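Okay, structure first, notes after.
Residue numbers start at 1 and run along the sequence shown. In this text, all values refer to a predicted model and were calculated from it rather than measured experimentally.
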Amino acid sequence: MSRKVVRSSKFRHVFGQPVKADQCYDDIRVSQNTWDSNFCAVNPKFLAIVVEASGGGAFMVLPLSKTGRLDKSQPVVCGHTAPVLDIDWCPHNDNVIASGSEDCSVMVWEIPEGGLTRSLTEPIVTLEGHTKRVGIVTWHPTAQNILLSAGCDNVILIWDVGIGQSVIVLEDTHSDLIYSVAWNWDGSQICTSCKDKKIRIIEPRAGTIVAEKDKPHEGSRPVRAIFVSEDKILTTGFSRMSERQVALWDLKSLDEPLTLQELDTSSGVLIPFFDPDTNIVYLGGKGDSSIKYFEVTDESPFVHFLSQYSSKESQRGMGYMPKRGLEVNKCEIARFYKLHERKCEPIIMTVPRKSDLFQEDLYPDTVGPDSALTAEEWLGGKNAGPVLISLRDGYTPSKARELKVTKNVLSGRIPKRSHSSNDGKADSDSVLEQLLEDIKKLKATVAAQEQRISQLESAAN
């Protein structure tokens with residue numbers, strides 16, 4: 001009689017547990033929008049949730065400690081003129097958050113220390129360049145002030161928030177709606193999934209497609225793709241029979257997946273959350289009432305099912321806490337903020353251990369809040385991995401860092417790298433024309449000022 005050998009893993013017994021009712025955030029009018037976004041973003045200081053708003057778009061920002069029933073007059077961030085579709089906290093400044101909206105703009109906001117005392121209507125900077133709604137915003141993992149946005153105009157814009165300008169434009173890379181965009185570990189490449197049924201690995205500074213895979217999943221429903229290592233990506237999608245799938249791909253050879261597993265027949269798009277410290281990927285779909293989690297390894301079948309957290313109520317979206325916001329003395333390896341119809345419920349993923357001492361094998365040095373590069377260094381071609389910190393003594397959020405935005409003198413015009421089929425001479429000509437126009441305006445202003453000075457001098461004499 002043969003006995004089944006169980007694969008050895010320290011994460012085999014990871015379990016999910018919701019917090020007590022008094023530690024949830026109640027009475028929140030969570031957005032009813034059907035866009036496939038998380039509608040929730042969280043960091044060690046604040047929880048942000050996209051909410052229903054009349055006459056525009058809004059999201060709520062709460063200090064993590066502000067649990068329980070919320071006041072009806074709770075202040076919100078409400079500068080957009082149409083619904084907010086995506087939000088993302090800056091990884092290098094816990095008080096700065098970006099939002100993308102149906103009003104075609106991206107706004108960057110600074111949340112005061114301690115949270116909002118009145119509604120915030122003025123962003124630090126408004127980034128305008130998309131011609132259709134903006135459904136994706138995501139910050140660069142290692143470079144300061146670099147923000148990526150993707151719109152329904154099939155264009156990806158990369159912004160230097162410090163000067164309030166787009167510095168890279170990827171125009172003709174995608175022929176249809178962009179479903180997802182994810183940076184790799186050091187931010188040198190992005191991975192995108194698109195309605196044209198292709199996933200692409202792109203070097204954004206050069207504007208080149210490094211690798212491309214047609215139909216990673218046979219079904220017509222949306223695909224999501226993320227990096228899980230330097231040379232591997234994980235995708236979620238649907239089979240031709242509408243079964244949900246997860247697949248792992250080696251970028252050196254995209255002909256066949258390393259593994260392709262069918263999961264279930266639910267209709268929600270599976271959104272992957274990857275933890276590089278433990279190599280665990282969590283899959284949570286909108287409308288699901290469960291979170292499945294898998295361990296990604298170098299041995300076949302490469303993606304190993306661990307377990308799933310199940311509950312009675314389905315989720316409208318989920319926020320994922322960065323590792324530095326977790327309680328290490330309780331062996332917490334992940335925390336999700338699950339959105340219900342009228343509340344947000346934290347769910348804690350724990351590795352059962354008897355000791356309450358620091359578990360070094362569970363918590364290798366992790367991504368800290370400091371940027372590794374300036375925007376100029378990254379745009380100049382430099383790459384660097386994240387600056388790592390130890391969680392041995394826990395993590396205490398630092399005081400607010402000020403984000404300074406310096407607009408360029410010449411009407412904020414700087415030459416952009418535009419990557420499209422008709423870039424080159426036409427693009428440089430338009431930049432040159434604009435610079436000459438700006439110089440002409442400046443000269444006219446100076447001449448008018450000189451005339452005024454001579455008038456005043458004549459009057460004084």
After noting the C-alpha distance and the side-chain angles of Ile49 and Cys344, does the key distance pass the side-chain contact (heavy atoms from CB on, under 4.5 Å) rule? CA-CA 9 Å; Ile49 300 167; Cys344 176; 3.8 Å; yes
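- Remark: side-chain polar atoms of Asn279 are not paired, donor with acceptor, to backbone N or O of Glu295 under 3.5 angstrom.
- Taking CG of Leu85 as the reference point, atom CZ of Phe59 lies at 12.5 Å (rounded to 0.5 Å).
- Trp185 has its ring centre no less than 6.0 Å from the ring centre of Phe227.
- Under the 4.5 Å side-chain criterion, counting only non-hydrogen atoms from C-beta, His174 is in contact with Ile156.
- A heavy-atom distance below 4.5 Å is found between the side chains of Val303 and Gln261.
- Once rounded to the nearest 0.5 Å, the distance linking CH2 of Trp249 with CD1 of Ile233 reads 8.0 Å.
- Lys45 has a carboxylate O that lies under 4.0 Å from a charged side-chain N of Glu113, or vice versa, which qualifies the two as a salt bridge.
- Salt bridge present: Arg324 and Asp94 bring a charged side-chain N and a carboxylate O closer than 4.0 Å.
- Side-chain contact check for Ser311 and Glu313: no donor-acceptor pair (N or O, by modelled atom type) lies under 3.5 Å.
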Between Ile389 and Tyr395, does the side-chain contact (heavy atoms from CB on, under 4.5 Å) criterion hold? Intermediate values first, please. CA-CA 9 Å; Ile389 58 169; Tyr395 171 78; 3.8 Å; yes
Step by step, work out the side-chain hydrogen bond (donor to acceptor under 3.5 Å, both in side chains) result for Thr126 and Ser105. CA-CA 7 Å; Thr126 301; Ser105 72; over 6 Å; no
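- In this structure, the side chain of Ser31 engages the main chain of Asn33 through a donor-acceptor pair within 3.5 Å.
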Between Ser175 and Asp196, is the side-chain hydrogen bond (donor to acceptor under 3.5 Å, both in side chains) condition met? List the steps. CA-CA 7 Å; Ser175 60; Asp196 64 8; 3.0 Å; yes
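- At a threshold of 4.5 Å between non-hydrogen side-chain atoms, the residues Asn184 and Ile190 do not count as touching.
- In this structure, the side chains of Val14 and Thr350 stay at 4.5 Å or more apart for every pair of heavy atoms.
- Taking CZ of Arg244 as the start and CG of Leu270 as the end, the distance is 4.0 Å to the nearest 0.5 Å.
- Checking side-chain atoms of Trp139 against main-chain N and O of Leu148 turns up no donor-acceptor pair under 3.5 Å.
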List the steps, then state whether salt bridge (Lys or Arg N to Asp or Glu O under 4.0 Å) holds for Lys66 with Asp71. CA-CA 11 Å; Lys66 192 164 183 169; Asp71 200 289; over 6 Å; no
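- In terms of modelled atom types and a separation under 3.5 Å, the side chain of Asp86 and the main chain of Val137 share a donor-acceptor contact.
- Tyr25 places none of its side-chain heavy atoms less than 4.5 Å from the side chain of Lys343.
- With hydrogens and angles ignored, the 3.5 Å screen pairs a side-chain donor or acceptor of His92 with a backbone N or O of Pro141.
- Of the charged side-chain nitrogens involved, at least one lies within less than 4.0 Å of a carboxylate oxygen, so that Asp277 and Lys323 count as a salt-bridged pair.
- For NZ of Lys197, the number of neighbouring non-hydrogen atoms (other residues, nucleotides, ligands) closer than 6.0 Å is greater than 12.
- Proximity of a side-chain donor or acceptor of Ser101 to a complementary backbone N or O of Asp103 within less than 3.5 Å is detected.
- Around CD of Glu52, the count of heavy atoms belonging to other residues, nucleotides or ligands within 6.0 Å exceeds 12.
- By the ring-ring contact (aromatic ring centres under 6.0 Å, His included) test, Tyr363 is found to be paired with Phe358, residues two or more places apart in sequence or in another chain being considered.
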Does the ring-ring contact (aromatic ring centres under 6.0 Å, His included) test come out yes or no for Phe274 and Tyr282, once each step is laid out? CA-CA 6 Å; Phe274 181 64; Tyr282 302 87; 9.3 Å; no
Output, in order, the C-alpha distance, side-chain angles, deciding distance and verdict of side-chain contact (heavy atoms from CB on, under 4.5 Å) for Val246 and Leu283. CA-CA 9 Å; Val246 60; Leu283 304 180; 4.2 Å; yes
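- A 6.0 Å sphere centred on NZ of Lys195 holds no more than 12 heavy atoms belonging to other residues, nucleotides or ligands.
- The minimum heavy-atom distance between Gln23 and Thr67, with the atom names listed, is O-CG2, 3.4 Å.
- Classification of Asp36 and Lys286 as a salt-bridged pair fails, no side-chain N sitting under 4.0 Å from a carboxylate O.
- Side-chain contact between Ile97 and Asp88 is absent, with no heavy atoms from C-beta onward closer than 4.5 Å.
- Going from atom CZ of Arg200 over to atom CG of Leu170 covers 11.0 Å, rounded to the nearest 0.5 Å.
- The closest side-chain donor-acceptor pair between His217 and Ser239, if any, does not fall under 3.5 angstrom.
- A salt bridge links Asp27 to Lys72: at least one charged side-chain nitrogen sits closer than 4.0 Å to a carboxylate oxygen.
- Here the side chains of Glu212 and Ile199 are not in contact, with every heavy-atom distance at 4.5 Å or above.
- Counting only heavy atoms from C-beta outward, the side chains of Ser289 and Gln315 never approach each other to under 4.5 Å.
- Closest heavy-atom contact between Pro272 and Ile226: CB-CD1, 3.7 Å.
- The environment of Arg69 atom CZ is sparse: at most 12 non-hydrogen atoms of other residues, nucleotides or ligands sit within 6.0 angstrom.
- Here the side chain of Thr259 pairs no donor or acceptor atom with the backbone of Phe302 at under 3.5 angstrom.
- Between the Asn93 side chain and the Asn95 main chain, a donor and an acceptor come within less than 3.5 Å of each other.
- Between Asp264 and Lys292, at least one side-chain N (NZ, or NE/NH1/NH2) sits under 4.0 Å from a carboxylate O, which counts as a salt bridge.
- Checked against a 6.0 Å centroid threshold, the rings of Phe11 and Tyr293 do not count as neighbours.
- Judged by distance alone, with hydrogens and angles left aside, the side-chain atoms of Asn145 form no donor-acceptor pair with the main-chain N or O of Ala375 at under 3.5 Å.
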Give the C-alpha distance, both sets of side-chain angles, the deciding distance and a yes or no for side-chain hydrogen bond (donor to acceptor under 3.5 Å, both in side chains) between Arg205 and Asn383. CA-CA 11 Å; Arg205 288 165 295 190; Asn383 294 324; 2.6 Å; yes
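- With rounding to the nearest 0.5 angstrom, the CZ atom of Arg335 is 6.0 Å from the CD atom of Glu327.
- Remark: the backbone N or O of Ile146 is not paired with any side-chain donor or acceptor of Trp159 at under 3.5 angstrom.
- A distance of 12.5 Å separates CD1 of Ile201 from NZ of Lys213, quoted to the nearest 0.5 Å.
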Check against side-chain hydrogen bond (donor to acceptor under 3.5 Å, both in side chains), Trp378 and His140: CA-CA 10 Å; Trp378 183 76; His140 192 283; 3.0 Å; yes
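- Across Phe336, Phe294, Tyr337, a single residue satisfies ring-ring contact (aromatic ring centres under 6.0 Å, His included) together with Phe273, and that is Phe336.
- No donor-acceptor contact under 3.5 angstrom links the side chains of Asp186 and Thr142, judged on distance only.
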Could you walk me through whether Arg29 and Glu341 pass the side-chain contact (heavy atoms from CB on, under 4.5 Å) check? CA-CA 7 Å; Arg29 293 175 61 216; Glu341 197 170 338; over 6 Å; no
